[in-house]
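These numbers were taken from a predicted model, which means no experiment stands behind them. When a ligand or atom number is given, it counts from 1 through the structure's own listing order.
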Amino acid sequence: MPSCAHCDKNWNYMDTLKRSFRMKMKCPYCEEANYLSANSRKKSSMTSLILLPLILIGNIY
Ligand SMILES: [Zn+2]
């Protein structure tokens with residue numbers, strides 16, 4: 001999970017997922033804007049791709 005560049009708190013999965021659709025991610029703890037590097041964006045979108053179907057399946061059953 002990514003962490004905030006300002007307050008160093010780790011973001012939970014839902015926070016990251018909600019914010020990963022935007023370039024500018026606002027920290028849920030200190031409200032500062034964070035800019036993800038291309039590498040961490042790639043990593044977090046990969047995680048979303050893997051985990052999103054699991055969440056959907058978990059909601060169905
Ligand atoms: Zn923060």
Side-chain angles (χ1 to χ4, degrees):
M1 288 296 116
S3 59
C4 176
H6 303 279
C7 66
D8 248 1
K9 286 206 161 95
N10 282 312
W11 296 358
N12 67 35
Y13 178 70
M14 282 313 288
D15 285 332
T16 312
L17 189 67
K18 269 187 273 175
R19 286 165 176 78
S20 62
F21 297 111
R22 296 170 220 157
M23 277 304 284
K24 199 166 88 174
M25 292 169 63
K26 213 162 121 188
C27 173
Y29 302 102
C30 67
E31 302 276 299
E32 291 284 344
N34 282 262
Y35 298 90
L36 288 180
S37 68
N39 193 37
S40 68
R41 272 186 75 82
K42 210 188 282 175
K43 244 191 270 175
S44 66
S45 62
M46 279 298 285
T47 316
S48 307
L49 282 176
I50 294 164
L51 286 177
L52 197 61
L54 292 178
I55 291 170
L56 290 175
I57 289 166
N59 283 337
I60 292 165
Y61 295 109

Return the minimal non-hydrogen interatomic distance between C27 and C30, and the atom names on each side.
SG-N, 3.4 Å
Whether N34 side chain and C4 backbone form a donor-acceptor pair below 3.5 Å:
no
Locate the shortest heavy-atom distance separating H6 from A33; write the atom from each residue and the value.
NE2-O, 3.0 Å
Gap separating the OH atom of Y29 from the CG atom of N10, nearest 0.5 angstrom
8.0 Å
With rounding to the nearest 0.5 Å, note down the distance linking CG in L52 to CD1 in I57.
10.0 Å
Protein N/O/S atoms closer than 2.8 Å to the Zn ion (ligand 1)
C4 SG, C7 SG, C27 SG, C30 SG
Roughly how far, to the nearest 0.5 Å, is the CG atom of L54 from the CG atom of L49?
11.5 Å
